[in-house]
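Only one structure is covered here, and it is reproduced in the block below.
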There are 2 protein chains.
Amino acid sequence: MSLVRKGWPLHRRISRDLEDRIRAGELRPGQRIPIEHDLMQTYGCARMTVNKALSRLVGEGLIERRKRAGSFVRLPRLDAPVLEIPDIEVEVTARGDRYRFELLNAHVIADDDLDGPVLALTGVHYAQDRALAFEERRICLSVVPDAQTADFTVQSPGHWLLQAVPWTRVEHKISAVAASPEVCVRLGIEKGAACLVVERRTWKDDSVVTAVRQIFDGTTYRLTASFGK
Amino acid sequence: MSLVRKGWPLHRRISRDLEDRIRAGELRPGQRIPIEHDLMQTYGCARMTVNKALSRLVGEGLIERRKRAGSFVRLPRLDAPVLEIPDIEVEVTARGDRYRFELLNAHVIADDDLDGPVLALTGVHYAQDRALAFEERRICLSVVPDAQTADFTVQSPGHWLLQAVPWTRVEHKISAVAASPEVCVRLGIEKGAACLVVERRTWKDDSVVTAVRQIFDGTTYRLTASFGK
DNA sequence: CCAGACGTAATGTCTATACATTATCTATTA
DNA sequence: TAATAGATAATGTATAGACATTACGTCTGG
């Protein structure tokens, strides 16, 4: 079992051992890995223990299993690192900076894209009084009527919504645009500077709760994602 | 157990049921959920079955568990959608387009950032003869000596590496910059246009395998990430 | 040569039980 | 009151066995 972590539970050591062998290339994509019965013997344990180890590898996307056929190493995927798209308020306060949201504008409007009356907000996120992001948000009032009476100078709309409405689905789109005149002013950057745009749409069941577009200074703000040990 | 999927295994129905109750706000963040013993009685099953259901919720980040204390609903996290950062070659061919990588430059150099001799490449990814991305890549020759003899006009370096070297860790940084003169020419975009930048660094164990910087036209290319059912 | 039937090898699920581990709570003691 | 020690309730891990499910291979019969 190579040089595997002592103190770890057996099922964890088994999954880690197999993971290492896959990552080292000893077990190659498409190749069949030993059947549960053989692994029982190899590690001298019950089938449930082996099964738990293999279930973990399925969850991590490292193997796939087919009844009667066996378990097979999957192709490595570059396409599933975990992306951290933070709640800006949480991110700023987490690193000990003073956070502030400046509400610029709030109107109830009709929106073609979203159902029913919509609360349209614009504002700026500040960290230590430095503008971090410009935000344009729409909140579906039929789903979140309370939004109309909430005070977004105390809490950012995003943070408030997170507590107020449990979502069931989120979708993000990340792109880049040149700063519009308004964004230049709000973020204090040069005309036409490259900005990172995060668009987020949040659903509860089948109705859109909120759609938001956050614009960051592309050179100072970066999203990070990592995958692996 | 509300209106839960028939045909699903019991442990899956239990976890889904609890997930629904959390998402619906019936079980709120910080709140304690019933202990395994009670859930056994509620669902009329063995503790291992309940345990499997709860383990899944831990994996999904919906609850956390503490011995002696119980299981608690975690704060909803916006920060872990799965980001699809594709192998460009795979992405292009997957949607049926003709893919081509044009190698512009290849030199063996020394690099302060990476250990040992490094193969430095620049090139352009094309989809249907339209430039999609400009790429600057460095490959650590001490880790991947074969890279020096590989033909990157047949396969993109990224795709080739994926097959040649199993990685153990990947890190991505996503930002935005204004197009440099060279990028303008290569991608056929206007001077100073906003570009989306994906920087990826790949490790095998403790050594960097490759570091790459891919630059996309920010207005036509977007990364997407989603989370939820 | 092909279509269909079928045995069977593998995974999938579930149970009942046992003991380990650990943080919380309580009771005791200084 | 405060520190310490111990009891205990919850999760964590593991076992052995049972039956369900599925699709791979093979063996038919046409």
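Because the structure is a prediction, the values reported are computed rather than measured. The analysis underlying the following values was restricted to heavy atoms, covering all of them including side chains, and did not include hydrogens, waters or symmetry mates. Quick note on labels: first sequence line is chain A, next is B, and so on, each numbered from 1.
- Contact footprint of chain B on DNA chain D: nucleotides with an atom under 4.0 Å from a non-hydrogen protein atom, first to last in 5' to 3' order, D:dT8 to D:dA14.
- In this structure, A:Glu171 contributes its side chain and A:Arg201 its backbone to no donor-acceptor pair below 3.5 Å.
- Between A:Arg65 and the phosphate of C:dG12, there is a side-chain N or O to OP1/OP2 separation shorter than 4.0 Å.
- Remark: C1' of C:dC14 and CD of B:Glu36 are 15 Å apart, rounded to the nearest angstrom.
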So which protein nitrogen or oxygen atoms get under 3.5 Å of nucleotides 24-27 of chain C's nitrogens or oxygens?
| from | atom 1 | to | atom 2 | distance (Å) |
| --- | --- | --- | --- | --- |
| C:dT24 | O2 | B:Arg68 | NH1 | 2.6 |

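- Annotation for A:Ile174 and B:Leu196: closest pair O-CD2, 3.7 Å, computed over non-hydrogen atoms.
- Looking at every heavy atom in both residues, B:Trp203 comes nearest to B:Asp205 through CB-O, 3.8 Å.
- Looking only at distances, no side-chain donor or acceptor of B:Glu199 sits under 3.5 Å from a matching main-chain atom of B:His172.
- One finds the CG atom of A:Leu141 at 10.0 Å from the CG atom of A:Asp146 (value rounded to the nearest 0.5 Å).
- Every residue meeting the ring-ring contact (aromatic ring centres under 6.0 Å, His included) condition with A:Trp160, not counting sequence neighbours, appears here in chain and number order: A:Phe152.
- Here the C1' atom of nucleotide C:dC14 and the OH atom of B:Tyr43 are 17 Å apart, to the nearest Å.
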Open item on the list: Please evaluate residues B:Arg65 and B:Asn51 with respect to the criterion side-chain contact (heavy atoms from CB on, under 4.5 Å), reporting the C-alpha separation (whole Å), side-chain torsions for both, the decisive distance (0.1 Å), and the verdict.
Closed with: CA-CA 11 Å; B:Arg65 318 193 70 195; B:Asn51 190 280; 3.8 Å; yes

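- In this structure, B:Arg47 and A:Met48 both approach DNA chain D, and ranking their closest nucleotides by distance from the 5' end singles out B:Arg47.
- Between the side chain of B:Thr93 and the backbone N or O of B:Glu89 there is at least one donor-acceptor pair closer than 3.5 Å.
- Distance A:Leu10 CG to C:dA18 P: 21 Å, rounded to the nearest Å.
- Rounded to an integer number of Å, the gap from NE2 of B:His37 to P of C:dA16 is 12 Å.
- Between B:Asn51 atom CG and C:dT21 atom P there is a gap of 17 Å when expressed in whole angstrom units.
- Considering B:His11, B:Arg13, B:Arg12, B:Glu19 as possible partners of B:Ser15, the one that fulfils the side-chain hydrogen bond (donor to acceptor under 3.5 Å, both in side chains) test is B:Arg12.
- Taking atom NE2 of residue B:His11 and atom C1' of nucleotide C:dT15, one finds them 14 Å apart after rounding to whole Å.
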